[in-house]
Structure formats: structure tokens, C-alpha cells
Engineer: 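Supplied in C-alpha cells, the structure appears directly below.
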Amino acid sequence: MLDVTYIRNNPDLVKQAMKNKGEENPQIVDEVISIDEQWRSLVEETDNLRNESNTKAKKIGELMGQGKKEEAQEIISYTTELKEQIQEKEDKLRSLKRAREDLLLKIPNVPHESVPVGQTENDNEVFKTWGDPDKEDWRKPHWELVEEQGWIDFDRGAKVTGAGFPFYVGPLARLQRALINYFLNRGAEAGYTELQVPYFVNEDSARGTGQIPDKEDMMYEIPRDEFFAIPTAEVPVTNFHRDEILEDDDLPLYYTSYTPCWRREAGSYGKDVRGLNRLHQFDKVELVKIVHPETAYDELESLRKHAESLLEELDIPYRTLLMCTGDMGFTQSKKYDLEVWSPGQQQWLEVSSCSNFGSFQARRMMIRRRKENGDTEIVHTLNGSGLALPRVVAAILEIYQQEDGSIKIPDVLQPFMGTDVITSEI
RNA sequence: GGAGAGGUGGCUGAGCGGUCGAAAGCGCUCCCCUGCUAAGGGAGUAUACCCCCAUACGGGGUAUCGAGGGUUCGAAUCCCUCCCUCUCCGCCA
């Protein structure tokens, strides 16, 4: 959510940002400003009436104390009238505020000037390519391999829960655990504090990071207890500091957290959901930063580099995309996607998305910092995956597979695996 | 799940229908005194929003005493619903 004052002072800039992001109705900027104006003038009127009412109520108290009941009674009949007027205005105020809020929630974050303007994924900029994607490849897609070897059981997963909830068996379960450990350790080395978090969150938290309104369809719900299963660790981790005022000394805050993630993925079927490409439950190590507004874009670069370094250490070819305005998402001001090369599928798979949200999330969550002069200021938040497991696993299975169907283990994972190769016999 | 107690400012803790945004203590900040150490004196010290002044500073107002609703001219104080914490019982990893 953007600051209304900011919108009021920069209406054209916000409208242009909306157009660049492919939003169709930039005129809601004008609507917000108009409603805000009405709201503000009504606030003033209402506050004045309340002031009068408060003053009179005190007077009544005084008179009652002195036993002057009749005089008090006169004022009471006046304040009773006042009360009705106030109530009327309060109702109007409430509906104006809600209308303003509804519109504000429809205005996306303003992209940073370094973000390329564009409509679709074709306008994203290839920021960096690392390693050598093998375009002509004999290797099998990971789903064939894992089924042959019995490493991932999609069918039993479907029996036990449903499609998109696989079992990882034996060496594959161990491989995932190795990756989780590796990612968490690397996060710790880079200064991220590890958090173990609740896997269900309440409505306020879902609202804080922007899953609701609008995106509630992505989440599994537990209606009886009014919880949502987290679609990413971002939700509990960022909400960790909701409604807090942080000291400047505390900033920047870096957190990392491993969690399963649950996503309904309603409406996505077809070939890009094969195997590990898209699941309803998957594991992810998430990175979250809460930072001083002035350093946010530098923090985004270091976040991106950290995520990239993980892929480099695993020796997996990847490319980094700088997302264009139209493809970056509603809440982001700048975003990089990291994609690994899948030789078995001959395509790129997204394994991380590193974003700067500016003050957009923090404003909804009221995470602030204390400035030198005592004022408060909304902080900036960032997050990125470091990394999402299934597609990294898919890439490892495809890149590291050998002709006999065994999988070499990347060097950095061997200490966690206790072996340098996995075969069906393990 | 059952029974009881409670949720007040950074913390401790008063207040139980009017003059309470809230005593007192602690902590913190600034100033004064004291030539080290210790101690003493004074002032300040929640958040959000609106208005004035105007971009620093300042002034005025409104709301908030777990959350939401209600009673009342007036609620931290009374009533209702919900959330959370603590104690005992039950259950359990």
C-alpha cells in the first residue's frame, strides 16, 4: 500500500507507474485523492464536534458536582443532539475510509527507475548468465528418473493427500534435507538469523504481507480456527515485527527460515506441472530483510548475490532476470528472478525471486524505525528465496545424472549426504 | 476440554462512572550542581490521524488503557462477544 500523501503529491508519477505495470485504470488515483479530500474535511468537522461534546460533558460533570442539576440538564439535552450529529458523521467517515482503503489496495507499488518498462515476460532483461546450459542433451527429465528409481512417489502422495503432494523416498528425502541444511548454514554465514516459524498464520498476518485481500485463493485455509497454511515463510517471518517500532541500531535485520509452503495453484494444469515443476506442497528456505529505507536497493543487490552464490556453489547453470514493470508483480518496486537450466526439459525453471518492496509491505504491517529526531518512519522490506527446493532438486537430478541412472552429489552437499553418489541401491 | 484469576504507557504498578492520556516508582534523554568515585536538583519521555503555522522548530484538536460492539450527556472504570496470559484439573508429543 502506498502512502496517500505520496499519491496526493505525485499523482502523475503514480499513474504512469500503474500504466507501466499494465494496470488498466489509472484514474483511481484521482478517485483516491478526491475521497481522501472528503475524508479529511469530514475528519475536521467531526473532531470539532467531538471537541465541543467533550467540553460540554466536562461542564456537566462540574455542575453535577455542585448539585446544579437543572443547569446540567439543559446542557444534556443539547449534547444529546450533538451526539446524533457526531454519530452520523462517524458513519460517513467510516465508509469514506473504507472506500479510500479499497482504492489504495488497488494501486500497485511504483517501480524503481532502473526497472525496464515492458509488458510481458519477453520484456524482462537477462541481467546475468552463469555456467553453460547444455542445450543438446541426452538426459532424462527428472520425473522419469525418479519414478524409475522409486525416489519420489507421486502416486502414493496422490492417494494419501492429492495431486501435488509427493513423498520423497530414501536418498531423495536425504538430498532435500542436505539442501535445506546447506542453505540455512550459508544463510547463517551471511548474517541471517535463522527462525523456525508457525506454519499457520491468522488473518492479520495474511493481510500484512498482502495475501489478502485478492490472493486468498492461493492459500489453504483452516476455517474452523481461522488460520491459513503459509504459502511462503515470508508471511510469518515478515510479520514477526508487525506493529513494532525498531531502533536504528537494530537495522538491518536479516532472517532466514526453512518451511514447507502450501499453495493451491488453482487453475494451473498442463505440462509445466509435471514432476517437481509445480507442487501444492514444497520446501523452501526463505530470506527476509528489514532495512533502512536508504539502503534498500543495495540490500537487494546483496540479497540477489547471496542467492546466486548458492547456485554457483552447487555448480548449477543459471540466469538472472531483471523483471520488467509489467511482469514484476503488484507489490514489488524491483525484482530479480533466478532461473536454473533444466537439461532434461530444455527449459529454464525459476528457483528464486528476490524483491524489494520498499515501504509497501511495511506500511500495511506498521513496521517502523525510530529516527534520530524521535520521529518514526516506515522501514523497507525485501525478500528472496534462498532457495526453493523442488526445482533445484530437479536441476540436480538432471544435470548430475550419469548414464547408469545414478546421480553424482554436488561437492558442497557431500558432507551432508555422507556419499558422493546416489543410486537405486542406496 | 472443565474451573478460576487477569490483560493499563519501555518496565513495575495505582485507578473501578466526571477535573484520567492516565498517580507513583524504575528505566531513558537533556540541563544544573559537584573538580575524580558516589550522591543531589530540575525538565522531558506513547502512537496514529486532522488542522494551523508552514517544509526545522512550534501550536491546537481527535482517537487509542488486549480487540470489537453496547449502556451513558460522559467509560480505563458498567454490560456483551472475541483474543491472549496465568493457576488448578483433564488430555497429550
Side-chain angles (χ1 to χ4, degrees), chain A residues 1-10 32-104 196 198-208 212 221-228 236 239-251 293 359-379:
Chain A
M1 189 168 63
L2 290 177
D3 181 12
V4 201
T5 311
Y6 176 82
I7 297 173
R8 209 192 300 148
N9 294 335
N10 306 279
V32 164
I33 293 173
S34 145
I35 286 179
D36 181 58
E37 240 155 61
Q38 295 173 47
W39 177 80
R40 280 184 297 138
S41 76
L42 191 61
V43 163
E44 202 183 343
E45 289 173 32
T46 312
D47 283 356
N48 288 340
L49 286 182
R50 285 203 273 230
N51 176 231
E52 196 179 349
S53 162
N54 288 345
T55 313
K56 292 280 190 287
K58 271 178 197 169
K59 182 76 181 162
I60 293 167
E62 252 170 63
L63 292 172
M64 298 293 249
Q66 295 163 5
K68 298 177 179 167
K69 281 211 167 167
E70 282 161 35
E71 275 182 55
Q73 199 52 49
E74 275 177 44
I75 307 180
I76 287 176
S77 56
Y78 172 68
T79 46
T80 309
E81 246 175 73
L82 253 185
K83 196 178 151 184
E84 279 171 31
Q85 291 179 41
I86 292 172
Q87 233 144 32
E88 230 170 82
K89 287 193 191 293
E90 280 175 343
D91 290 342
K92 186 92 190 290
L93 218 44
R94 241 192 305 274
S95 67
L96 276 174
K97 197 173 181 183
R98 194 171 335 111
R100 190 183 69 167
E101 191 82 359
D102 288 347
L103 289 174
L104 277 174
Q196 287 197 346
Y199 295 163
F200 303 138
V201 294
N202 59 30
E203 209 178 294
D204 286 343
S205 299
R207 201 188 320 279
I212 47 176
E221 277 185 73
I222 294 126
R224 182 165 172 177
D225 298 292
E226 296 180 314
F227 293 150
F228 296 95
N239 274 283
F240 191 55
H241 289 292
R242 172 152 54 85
D243 295 322
E244 289 182 19
I245 299 172
L246 305 163
E247 296 304 323
D248 263 355
D249 295 348
D250 299 333
L251 298 176
S359 60
F360 204 81
Q361 278 187 333
R363 182 167 297 106
R364 301 182 86 177
M365 269 182 280
M366 287 299 275
I367 307 177
R368 291 154 290 171
R369 73 180 184 101
R370 176 82 58 197
K371 297 208 287 191
E372 197 123 326
N373 66 4
D375 289 352
T376 62
E377 179 183 45
I378 309 283
V379 297

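Chain letters run A, B, ... following the sequence lines, proteins first and then strands; every chain starts at 1.
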Engineer: Among U47(B), C50(B), A63(B), find the nucleotide with the atom closest to the side chain of Asn54(A).
Structural biologist: A63(B)
Engineer: What distance do Ile245(A) atom CD1 and Ile378(A) atom CD1 have between them, rounded to the nearest 0.5 Å?
Structural biologist: 9.5 Å
Engineer: Under 4.0 Å between a side-chain nitrogen and a carboxylate oxygen: does that hold for Arg98(A) and Asp102(A)?
Structural biologist: no
Engineer: Counting C-beta onward and ignoring hydrogens, is there a side-chain heavy-atom pair between Phe228(A) and Ile222(A) closer than 4.5 Å?
Structural biologist: no
Engineer: Round to the nearest Å and state the distance from Asp243(A) atom CG to G66(B) atom P.
Structural biologist: 16 Å
Engineer: Starting at CH2 of Trp39(A) and ending at P of C49(B), how long is that distance when rounded to a whole Å?
Structural biologist: 8 Å
Engineer: Ignoring backbone atoms, test whether Asn51(A) places a side-chain nitrogen or oxygen under 4.0 Å from the OP1 or OP2 oxygen of U62(B).
Structural biologist: yes
Engineer: Taking the minimum atom-to-atom distance to the side chain of Asp47(A), which one of G61(B), A48(B), C73(B) wins?
Structural biologist: G61(B)
Engineer: Using whole Å, what does the distance between atom P of nucleotide U47(B) and atom CZ of Arg369(A) come to?
Structural biologist: 14 Å
Engineer: Would you mind reporting whether Trp39(A) and Leu93(A) have side-chain heavy atoms less than 4.5 Å apart?
Structural biologist: yes
Engineer: Using the 3.5 Å cut-off, write out each protein N or O paired with an N or O of nucleotides 16-20 of chain B and the distance between them.
Structural biologist:
residue	atom	partner	partner atom	Å
G18(B)	N2	Ala57(A)	O	2.9

Engineer: Distance check, P atoms only: G1(B) and U8(B), in whole angstrom units.
Structural biologist: 24 Å
Engineer: Using atom C1' in both nucleotides, what's the gap between G60(B) and A54(B) to the nearest angstrom?
Structural biologist: 14 Å
Engineer: Arg242(A) CZ to C84(B) P: how many Å, rounded?
Structural biologist: 13 Å
Engineer: How close or far is atom P of A48(B) from atom CZ of Arg364(A), stated in whole angstroms?
Structural biologist: 19 Å
Engineer: Hey, are the side chains of Leu63(A) and Ile60(A) touching, using non-hydrogen atoms and a 4.5 Å cut-off?
Structural biologist: no
Engineer: Which nucleotide sits closest to the side chain of Met366(A): C49(B), U62(B), A48(B)?
Structural biologist: A48(B)
Engineer: Determine which pairs satisfy salt bridge (Lys or Arg N to Asp or Glu O under 4.0 Å) with at least one residue from residues 45-64 of chain A, sequence neighbours left out, and list them in order.
Structural biologist: Glu45(A)-Lys89(A), Asp47(A)-Arg50(A), Arg50(A)-Glu90(A)
Engineer: Looking only at heavy atoms, which two atoms of Met1(A) and Arg363(A) are closest? And how far apart?
Structural biologist: O-NH1, 2.7 Å
Engineer: Evaluate Thr376(A) against Arg370(A) for side chain to side chain contact (heavy atoms under 4.5 Å, CB included), listing each step before the verdict.
Structural biologist: CA-CA 5 Å; Thr376(A) 62; Arg370(A) 176 82 58 197; 3.7 Å; yes
Engineer: Whole Å only: how far is the OH atom of Tyr78(A) from the C1' atom of U72(B)?
Structural biologist: 18 Å
Engineer: C1' atom, A76(B) versus U19(B): distance in rounded Å?
Structural biologist: 16 Å
Engineer: Determine the stems involving RNA chain B; a stem requires 3 or more consecutive pairs of the Watson-Crick or G-U wobble kind, each with both distances below 3.5 Å, and the answer is none if no such run exists.
Structural biologist: B:1-7 with B:83-89, B:10-12 with B:24-26, B:27-32 with B:40-45, B:46-52 with B:58-64, B:66-70 with B:78-82
Engineer: Atom CD1 of Ile86(A) and atom P of U62(B): how far apart are they, to the nearest Å?
Structural biologist: 11 Å
Engineer: Using the P atom as the reference point in each nucleotide, state the distance between C11(B) and G74(B) in Å, no decimals.
Structural biologist: 32 Å
Engineer: Do any side-chain nitrogens or oxygens of Asn48(A) fall under 4.0 Å of OP1 or OP2 in C51(B)?
Structural biologist: no
Engineer: Go nucleotide by nucleotide along RNA chain B from the 5' end; which of Gln87(A) and Asn373(A) gets its closest nucleotide reached first?
Structural biologist: Asn373(A)
Engineer: So, is Arg40(A) near the phosphate of C51(B), with a side-chain N or O under 4.0 Å from OP1 or OP2?
Structural biologist: yes
Engineer: When the distance from CZ of Arg50(A) to C1' of G60(B) is rounded to whole Å, what number comes out?
Structural biologist: 16 Å
Engineer: On RNA chain B, compare the nucleotides closest to Arg94(A) and Asp36(A); which residue's is nearer the 5' end?
Structural biologist: Asp36(A)
Engineer: I'd like the C1' distance from G42(B) over to U37(B), given in whole Å.
Structural biologist: 23 Å
Engineer: Just to be sure I understand the rule, does Leu82(A) reach a base, reach only the sugar-phosphate, or reach nothing, if contact means heavy atoms closer than 4.0 Å?
Structural biologist: nothing
Engineer: Work out how far the C1' atom of C91(B) is from that of A14(B), and round it to whole angstrom.
Structural biologist: 40 Å
Engineer: Just so I know, are the side chains of Pro293(A) and Arg369(A) near enough to count as touching, which here means a heavy-atom distance under 4.5 Å?
Structural biologist: yes
Engineer: Taking the C1' atom of each, how far is U55(B) from G41(B), in whole Å?
Structural biologist: 39 Å
Engineer: Looking only at atom C1', what distance separates G15(B) and C78(B), rounded to whole Å?
Structural biologist: 15 Å
Engineer: Can you tell me how far CD of Glu226(A) sits from CG of Asn202(A), rounded to the nearest 0.5 angstrom?
Structural biologist: 9.5 Å
Engineer: Check whether any side-chain N or O of Asn10(A) sits under 3.5 Å from a backbone N or O of Tyr6(A) as a donor-acceptor pair, and report yes or no.
Structural biologist: yes
Engineer: Think Thr46(A) has a side-chain N or O under 4.0 angstrom from the OP1 or OP2 of U62(B)?
Structural biologist: no
